[in-house]
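What you see below is based on every heavy atom in this structure, not just the backbone, and it leaves out hydrogens, waters and symmetry mates. Here the structure is a predicted model, which means the values were calculated and not measured.
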Amino acid sequence: MRIYNSYKDQVEEFIPIHENQVNMYVCGPTVYNYIHIGNARPVIFFDTVRRFFEAKGYHVKFVSNFTDVDDKIIQKAKDDHLDEMVVANHYIDAFLKDLEGLNCKTDYIKPRVTHYMGHIENFIKELVDKGYAYTIHGDVYFRVEKIKDYGILSNRQIEDLKSGARIDINPDKESPLDFTLWKKTTEGLNFESPFSKGRPGWHTECVAMIDDVFGEKIDIHGGGADLKFPHHENEIAQSKALHNHGLANYWMHNGRVSIKDTKMSKSLGNVILVKDVEDKMPLRYFLLSTHYRSPLNYDDEGFQMYVKEFEKLESSLKQLFRKLDLQDQIKQVDIENHEIKQILKDFDDALEEDFNTANAITALQSLLKVINVSIRKKESNDYYNQLNQAAHYMIGILGLKVKLEPMSQNDREMYHQWELARKNKDFKLADQLRNELTERGIL
RNA sequence: GGACCCUUAGCCAAGUGGUAAGGCACGGGACUGCAACUCCCUCACCGCCGGUUCAAAUCCGGCAGGGUCCUCCA
């Protein structure tokens, strides 16, 4: 397994800290709105990463947070005349529903900031005690310049950052680079702390929760490329200050999604929400069709291509399944066929090389071709089962769900009547039965 | 202004030194009671100009166009 490590800007062999175990953390949503397809990209991608690791026999401890205290939530609560926690809970539920629609696993560890206040406080306190942070007027800031190699992840020099820094209106900070660990405020949801009544800074939440949930350096930390700076850079800085390590061995960042070659943003009004996309599986297919590090552009016409592709996948697998199902012959077999084995190998090879889902999909497509050819021929049930199993292995890792229900006795009879009608050239009856079978999702 | 990235057929998209995967669309065939599905065939001087090399889409330099980050952002 090889992974492109953003921290070093190179592809590296993946070596887990603990054998057969992968500890990974992905920055989760701030729950003040429904997620859009750009948010869905890391969600789907890292779910696929998890699935592949699991398929390869790793135990994956997958953690992704909910930021449920934030200025944007306060604003949203004001706008909607609701309690902040009501807002947060609503969008957490909506997020999980979107996840299910996208066929992402939801059985992962989901720390919420509001449940970790004690730990976050202690974390900040320790930073202060060690001299890496300072309090002033109730606010707490991190001393960035105490971290000597600050900027490695995002490839920035401290000097450049200083000269490029916007005019800082906050004279309390020792340096414009310093970032907030604790913000004194009584507006919105706030918490008592030794520093002041207030809220934690976003950059400290993730690292404090990782600290508590894992209690050690983790294998993989993931998120969108735009989180590299300053968010992830600041997480690393805090971890170095407190634990003398860079938080994660491998940093993975996915590219952005744009819409019709334009940045997706609420002010431009070109946001596509996941909940509004009818074709959830084609969306997943689409988002995996480009390598995760490349930028991805969405437009309706292009997307139709993937809707069609997914339908093709669905119909081929359905026909194969039906062939076996009609004879009650679906069973576990050993995959021995050379061609199928080669395709499986191509699939695994693609994913093992920095999760190249685009090439993995190509392998899936070549299996589909083999399936389609075989369906027209008379092949053994054993061979069909090998194909079926290989296909399900692949779509299981890619997380592409295809509805395949075994036929009822009634369905079977109807199917046989249809065949009989065609044989007897009773095309009127045959067409009628065909329509019925199609409606029932059999054909 | 500073940092970085991208440019492969009509469209989407792999490929990071050995002579262009795959998909969609188009065109030509096949199969079929009619459809749908499916199958076969066809379809690229890798943005432009130089350089390095026996060999470059792949490395280096320049130019053009596009984008991201530097501020909340997945």
Q | Any-strand Watson-Crick or G-U partner of B/G1, both distances under 3.5 Å | A | B/C70

Q) If each of A/Arg156 and A/Leu368 is mapped to the nucleotide of RNA chain B with the nearest heavy atom, which maps nearer the 5' terminus, i.e. the 5' end? A) A/Leu368

Q: For this output row, return yes or no: ring centroids of A/Phe14 and A/Phe53 closer than 6.0 angstrom.
A: yes

(Q) By nearest atom, which of the nucleotides B/A21, B/A74, B/G33 is closest to the A/Asn254 side chain? (A) B/A74

**Q.** Residue A/Asn359, side-chain heavy atoms: nucleotide from B/C69, B/A21, B/C39 that is nearest
**A.** B/A21

Q. If pairing requires Watson-Crick or G-U wobble contacts with both distances under 3.5 Å, which nucleotide is the partner of B/C39?
A. B/G29

Q | B/A20: pairing nucleotide in any strand, Watson-Crick or G-U under 3.5 angstrom | A | none

**Q.** Identified pairing partner of B/C34, criterion: Watson-Crick or G-U wobble below 3.5 Å
**A.** none

Q: Measure distances between side-chain N and O atoms of A/Asp431 and base N and O atoms of B/G33, and say whether any donor-acceptor pair falls under 3.5 Å.
A: yes

Q.
Nearest to the side chain of A/Lys263, heavy atoms from C-beta on, is which of B/C40, B/C37, B/C73?
A. B/C73

Q: Check the side chains of A/Tyr34 and A/His90 for a donor-acceptor pair under 3.5 angstrom, ignoring hydrogens and angles.
A: yes

Q. Counting side-chain heavy atoms from CB outward, which of B/C24, B/C69, B/G22 is closest to A/Lys312?
A. B/C24

Q. What string of B, S and - do you get for nucleotides 6-13 of chain B, 5' to 3', when a contact is any protein heavy atom under 4.0 Å?
A. -----BSS

Q.
Please pick, from B/C70, B/U38, B/G22, the nucleotide with the shortest atom-to-atom distance to any side-chain atom of A/Arg376.
A. B/U38

Q: Please determine, for B/G61, whether a Watson-Crick or G-U wobble partner exists with both distances under 3.5 Å, and give it or none.
A: B/C49

